[in-house]
2 protein chains.
Amino acid sequence: MTGPALKIRLVVEGGDWLGPGKADLLEAIAETGSISAAGRRMGMSYKRAWSLVETLNAMFRSPLVSSSRGGAGHGGAALTESGAEVLRLYRAIQSKGAEAVAGEVAALHRLSVMSAEK
Amino acid sequence: MTGPALKIRLVVEGGDWLGPGKADLLEAIAETGSISAAGRRMGMSYKRAWSLVETLNAMFRSPLVSSSRGGAGHGGAALTESGAEVLRLYRAIQSKGAEAVAGEVAALHRLSVMSAEK
DNA sequence: CATCGTTATGTCCAATCAGATATAACGAGG
DNA sequence: CCTCGTTATATCTGATTGGACATAACGATG
């Protein structure tokens, strides 16, 4: 078993969702302090990263990411209080969910091609 | 809260995955005895339903759906033993997973636009 | 007031995806 | 041996998606 293999999506009204990709992006923004640096780290274009942030901000009642242009640090971005809370909740859902269904996931993996004998 | 809003995907090697859509399709095939009838029930084209079945069969070590053409019933499809087991495991993952993270999901929903006051 | 890296936004294009459509094979039963 | 509804497969097309590229705004600092 190489990766997590269990991905949890939280779908909100309108079809948008929060999943592993956007959660990782939030984490990268928190650590790098910039949307573009986070995008580079994750191997995606700035535009893609920015559009994901736009989606995230629209999904919740208050923005998850605050950003500024120009200035001393030449602009940047950071998680808001809501953003940090959403990320924390999503990580908790990931870990608690994975733990709760570990047995069934293992059983499924034994049936999948991932466990094909050599 | 209108819908489930929590969607769990099991990603296997190669990028294919088992999620709510394919699980519902398996269930519909089990109940209708036909790929095309299951597709009609779910509002998708036969081609789409069939290609999903093809993907499912390739994801696991043995096929989940067996099918036949012609004959008395003019052909049809059914779940194999593996197919029934996979569906059962996925449903268990759905319910156990949702139960384990219900608190965090509720907290996230309170932050989301889904709980915007009127 | 010029500089800098970032945010913000638009346009264009290739790739992918799903729907629509068409056709053939199937094979027990009438 | 013809019929039937289904499986199986191919082709075409419109829609969506993401990458590439371009441009402008920003604003504290030097």
Side-chain angles (χ1 to χ4, degrees), chain A residues 7 9 11 14-59 62-80 82-83, chain B residues 7 9 11 14-59 62-80 82-83:
Chain A
K7 297 191 178 179
R9 264 189 188 179
V11 182
D16 291 329
W17 69 86
L18 173 63
K22 294 201 190 76
D24 289 350
L25 180 63
L26 284 178
E27 198 166 283
I29 289 172
E31 291 175 5
T32 63
S34 143
I35 295 175
S36 64
R40 281 194 298 273
R41 170 191 286 194
M42 295 188 61
M44 66 178 68
S45 65
Y46 168 76
K47 186 185 178 177
R48 172 116 183 89
W50 182 85
S51 76
L52 291 177
V53 168
E54 188 183 35
T55 299
L56 280 168
N57 282 342
M59 281 171 60
S62 61
L64 305 192
V65 175
S66 66
S67 56
S68 63
R69 295 192 284 191
H74 305 289
L79 296 195
T80 62
S82 291
Chain B
K7 297 192 178 179
R9 265 189 188 180
V11 182
D16 291 328
W17 68 85
L18 173 63
K22 293 201 191 79
D24 288 349
L25 181 63
L26 284 178
E27 199 167 282
I29 289 171
E31 292 175 4
T32 63
S34 143
I35 295 175
S36 64
R40 279 193 300 272
R41 169 191 288 194
M42 296 187 60
M44 66 177 68
S45 65
Y46 168 76
K47 186 190 176 175
R48 173 115 182 89
W50 183 84
S51 75
L52 291 177
V53 168
E54 189 183 35
T55 300
L56 280 168
N57 282 342
M59 282 171 59
S62 60
L64 305 192
V65 175
S66 66
S67 56
S68 63
R69 296 192 283 193
H74 304 290
L79 297 196
T80 62
S82 292

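Per chain, numbering begins at 1; letters A, B, ... match sequence-line order. Values below: every heavy atom of this structure, side chains too, minus hydrogens, waters and symmetry copies.
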Just call it for Gly76(A): base, sugar-phosphate, or nothing, with non-hydrogen atoms closer than 4.0 Å on any strand.
-> sugar-phosphate
Pick base, sugar-phosphate or nothing for Ser68(B), based on heavy-atom distances below 4.0 Å to the nucleic acid.
-> sugar-phosphate
Short heteroatom pairs, N/O only, protein and nucleotides 12-19 of chain D, under 3.5 Å:
{"unit_1": "dG18(D)", "atom_1": "OP1", "unit_2": "Arg48(A)", "atom_2": "NH2", "d": "3.3"}

Mapping Gly71(A) and Glu54(A) to their closest nucleotides on DNA chain C, which lands nearer the 5' end?
-> Gly71(A)
If you find the nucleotide of DNA chain C closest to Gly70(A) and the one closest to Trp50(A), which residue's nucleotide is nearer the 5' end?
-> Gly70(A)
Contacts of Ser36(B) that satisfy side-chain hydrogen bond (donor to acceptor under 3.5 Å, both in side chains) - sequence neighbours left out |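 If we apply the side-chain hydrogen bond (donor to acceptor under 3.5 Å, both in side chains) test to Ser36(B), skipping adjacent residues, the hits are Ser34(B).
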Output all residues satisfying side-chain hydrogen bond (donor to acceptor under 3.5 Å, both in side chains) with Thr32(A), sequence neighbours left out; order by chain, then residue number.
-> none
On DNA chain D, nearest-nucleotide positions of Ile35(B) versus Arg69(A): which is more 5'?
->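 The residue closer to the strand's 5' end, by nearest nucleotide, is Ile35(B).
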From Leu56(A) CG over to Asp16(A) CG, what is the distance, rounded to the nearest 0.5 angstrom?
-> 9.0 Å
For [X] versus [Y], what's the shortest heavy-atom pair and its separation?
X	Y	result
Leu18(A)	Ala23(A)	CD1-N, 4.1 Å
Lys22(B)	Trp17(B)	NZ-O, 2.7 Å
Ala49(B)	Gly39(B)	CB-CA, 4.0 Å

For residues 65-78 of chain B, run the donor-acceptor check on the side chains, cut-off 3.5 Å, and write out each pair with its distance to 0.1 Å, sequence neighbours left out.
none

Salt bridge (charged side-chain N to carboxylate O under 4.0 Å, His left out) partners for Asp24(A), two or more places apart | Arg91(A)
Could you go through residues 40-48 of chain A and list every donor-acceptor pair under 3.5 Å that involves a side-chain atom there, pairing it with any protein atom two or more places apart or in another chain?
{"unit_1": "Arg41(A)", "atom_1": "NH1", "unit_2": "Glu31(A)", "atom_2": "OE1", "d": "2.6"}
{"unit_1": "Ser45(A)", "atom_1": "OG", "unit_2": "Arg48(A)", "atom_2": "N", "d": "3.1"}

Has the side chain of Asn57(B) got a donor or acceptor atom that lies under 3.5 Å from a matching backbone atom of Leu64(B)?
-> yes
May I have the distance from Tyr46(B) (atom OH) to dT9(D) (atom C1'), rounded to whole angstrom?
->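 So the OH-C1' distance, Tyr46(B) to dT9(D), works out to 9 Å.
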What are the bounds, 5' to 3', of the part of DNA chain C that sits under 4.0 Å from heavy atoms of chain A?
->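 Here the contact window of chain A covers dC4(C) to dT11(C).
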Pull out every residue in residues 18-32 of chain A that has a heavy atom closer than 4.0 Å to any atom of DNA chain D, ordered by number, or say none.
->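 Of all residues in residues 18-32 of chain A, none places a heavy atom under 4.0 Å from DNA chain D.
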